[in-house]
Peer 1: 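Please see the structure below; I have some questions.
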Amino acid sequence: MPLTIAIASGKGGTGKTTVAVHLAAWLAEQGRPVHYLDCDVEEPNGHLFLRPKWTVEEEVSIPVPAVDHDRCTRCGKCAAVCEFNAIAMLNKPLVFPELCHGCGGCTLVCPVQAIREVPRVIGTMATGRAGKIQFTQGRLNVGEPLAPPVIRAVQARRAPDAIALLDAPPGAACPAVATARGADVIILVTEPTPFGLHDLELAIATFRPLQKPLGVVVNRADADRRVQEYCAGAGIPILAELPAERRVAELYARGELLFAALPPWRDMFAKLWQQIKALQ
Amino acid sequence: MKELVIISGKGGTGKTSLTASFAALYPSAVLADCDVDAADLHLILQPKIRRREKFRSGHAAVICAEACTGCGRCAEVCRFGAIAVAEPDETGRRLHSVAPTACEGCGVCVWNCPAQAIDFPEQECGEWFLSGTRHGPLVHARLVPGSENSGKLVSLVREQARQLAQQEDREVVLVDGPPGVGCPVIAALTGAQGVLVVTEPTVAGEHDLHRVLQLADHFRIPAAVCLNKWDLHPEQAARMEKAARAAGATPVGRIRYDDAFTAAQRQGRAVVETEASALGDDIRAVWTNWCAITGVTP
Amino acid sequence: MKVVITASGPTLAEPIDLHFGRAKYFILADTETGRAKAHDNTPNLQARQGAGVQSAETVANLGAEVVVTGSVGPKAYRALQAAGIKIALVEAVCPGTEALRRFKDNELPVLDKPNSEGHWV
């Protein structure tokens, strides 16, 4: 299968989506099949820049228990095995679907098969096209806590014949790891500030145990070289340095791709692609 | 006592830098860094740690290699793809193991294993700290990279900050919240008396503002909105303030795009601690306006 | 009647804990015999999520008919309802003895809906 690339960052707002959408746009310009999968399901933003036309929209749900109280013998095993406190035994089993992680443990343990599973919707997923780019995004419903099931649903839509770009959630917790696990290589986007460097260190500590090739893109690069020095010491290659320009921030604000107004950016992404291939 | 939370929806909009400035402007608050996945406030406030505690949460499955018979029942029942299967060894047994980064901690494999070969130890997921800073006490935490349940650690940090505020008779807890709208943000918001959303006039900022205000409304928390880097796109900034009002939130000011924002961070200082500037005045105005709606005396 | 008071310490002399789900102690008081017994709720405080639900299960198992507390979140409320346990509401912190006296004197309103968003985890 063609390469699957996760584009992640420790700190939010460092330019992860900027890198992902321009890489997708550049690859599409080269005639390469590419599938953009927005796994930042809490705040999916890739669509604002690539503006896909949606063809399929679907719900994402997790299976939660429903108890048949006529059949139930009140043995309490379902409540006892639930690690998430989603079932309480109060005269009879009482289910709290909002706490359920959908593991299926209660269904398996029930000695009289009194529990069946019903879907509970926690998010949505949309698939479409932005020009030649295939596009899928997940969206966690507001007020829902669990992002990983939506992320897994998005990844399951990956087109087998295209280069896959996974726009990962920021941070170094479970949603970011759930995304990166599905990738062949991981790109970390950072900025040359103390916050950027600190969060990059956390991200590297998070992703290294996955034993996948890692590379760093420094966005808004300037005279501060601490990120580059840190990466040299940690043995992690710098794949690209994207310059700090107010014009870039203004185009970004409008949701416009940079290539038309700033042609040198096209070359930067051509070089980035060469670096990513070398990383593998 | 009032808990005031600063969040952003979209990351990187300047939330932590603003929190540091508010801390400098209102040193009688207890500070809580609830962005436990990527805590940065300590880089500005340089806390002296007075107390540190381990944070444990949930369990994770570990297969004991000697006891595993290779029957495959664990892989059958695991819904999270967390079981890895090795090639058969010299006896033909296929050793199973758990990928810690994928384990949900549900325990289904543990009690379905016919050989009782799976341990289920409690997970050490991080540490939390009670510290002193030049702008008052700070409760903060460090999540073990890749750990889950940062939501519970957020709740714990808030709880400690509230207790400290009660003990020391402090009126305000200032909370630096996490990005996004998921589990850690919900844990940072529920039951708070006010939330300030720091956003920017970009298409992504606008999109995420809409979601985060829905969340604040869902939990019925009075919301204020501040536009950072507003002059990048003045029309968009005005549009977002209008949308914020329509969503029941109050705009409390605009902050200009200025390299001094990053320069202060590089010096380990809050913007309002650096020499007087229009940028500092913008931030002071936001704090004063937010105080007016939350009933805090600035 | 068996009454559970949410408390910050193991005796009724201690101030009550206004939060039901994450109360440190449940003190089971028998209004007929006047006896009181403390139950340590620390294990539920450490639950990764659903502390309120677990606390409701605990007070149900203690045999309580009424809970005297300050705030109950939506999930704990639903669980207490299912167990048939009434909630008597105290609005400000006071010693457990005082809360119990006010309950016996019918001074405490009965809570008929959740009055806190709870802490989600």
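Computation of the quantities below employed the complete heavy-atom set of this structure, encompassing side-chain atoms and omitting hydrogens, waters and symmetry-equivalent molecules. Reminder, nothing fancy here: chain letters follow the sequence lines and each chain counts from 1.
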Peer 1: Heavy-atom distance under 4.5 Å to chain B: side chain of Arg226(A), backbone, both or neither?
Peer 2: side chain
Peer 1: With a 4.5 angstrom heavy-atom cut-off, could you sort out which part of Thr193(A) is near chain B: side chain, backbone, both or neither?
Peer 2: both
Peer 1: If we define contacts as heavy-atom pairs under 4.5 Å, which of Asp35(B), Val181(B), Asp40(B) has the most with chain A?
Peer 2: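 Heavy-atom pairs under 4.5 Å are most numerous for Asp40(B).
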Peer 1: Considering only heavy atoms, which portion of Ile204(A) lies under 4.5 Å from any heavy atom of chain B: side chain, backbone, both, or neither?
Peer 2: neither
Peer 1: For chain A, which candidate among Asp231(B), Val185(B), Thr262(B) shows the most heavy-atom pairs at distances under 4.5 Å?
Peer 2: Asp231(B)
Peer 1: Quick one: which of Gly81(B), Pro145(B), Gly105(B), Ala99(B) has the most heavy-atom pairs under 4.5 Å with chain A, could you say?
Peer 2: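 When all of Gly81(B), Pro145(B), Gly105(B), Ala99(B) are compared, Pro145(B) has the most.
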Peer 1: Can you tell me which portion of Pro192(A) sits under 4.5 Å from chain B's heavy atoms? Options are side chain, backbone, both or neither.
Peer 2: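 Both the backbone and the side chain of Pro192(A) come within 4.5 Å of chain B.
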Peer 1: Taking ring-ring contact (aromatic ring centres under 6.0 Å, His included) as the test, write out the residues that go with His22(A), two or more places apart.
Peer 2: Phe259(A), Phe269(A)
Peer 1: How far apart are the closest heavy atoms of Val36(B) and Ala141(B), and which atoms are they?
Peer 2: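 Shortest heavy-atom separation between Val36(B) and Ala141(B) comes out as CG1-CB, 3.8 Å.
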Peer 1: Counting only non-hydrogen atoms closer than 4.5 Å, does Phe195(A) touch chain B with its backbone (N, CA, C, O), its side chain (CB onward), both, or neither?
Peer 2: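 Both parts, backbone and side chain.
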Peer 1: Counting only non-hydrogen atoms closer than 4.5 Å, does Ser17(B) touch chain A with its backbone (N, CA, C, O), its side chain (CB onward), both, or neither?
Peer 2: both
Peer 1: Where on Ala147(A) is there a heavy atom nearer than 4.5 Å to chain B: the side chain, the backbone, both, or neither?
Peer 2: neither
Peer 1: Heavy-atom cut-off 4.5 Å, strictly under: side chain, backbone, both or neither for Pro209(A) against chain B?
Peer 2: neither
Peer 1: Which one, Lys11(A), His101(A), Arg181(A), leads in non-hydrogen pairs under 4.5 Å with chain B?
Peer 2: Arg181(A)
Peer 1: Sort Val81(A) into side chain, backbone, both or neither according to what part of it lies under 4.5 angstrom from a heavy atom of chain B.
Peer 2: both
Peer 1: So which part of Glu235(B) gets closer than 4.5 Å to some heavy atom of chain A, the side chain, the backbone, both or neither?
Peer 2: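 Just the side chain, heavy atoms under 4.5 Å.
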Peer 1: Val108(B) versus chain A, heavy atoms under 4.5 Å apart: side chain, backbone, both or neither?
Peer 2: side chain
Peer 1: Is Phe49(A) close to chain B through its backbone or its side chain, or both, or neither, when contacts mean heavy atoms under 4.5 Å?
Peer 2: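 The side chain, not the backbone.
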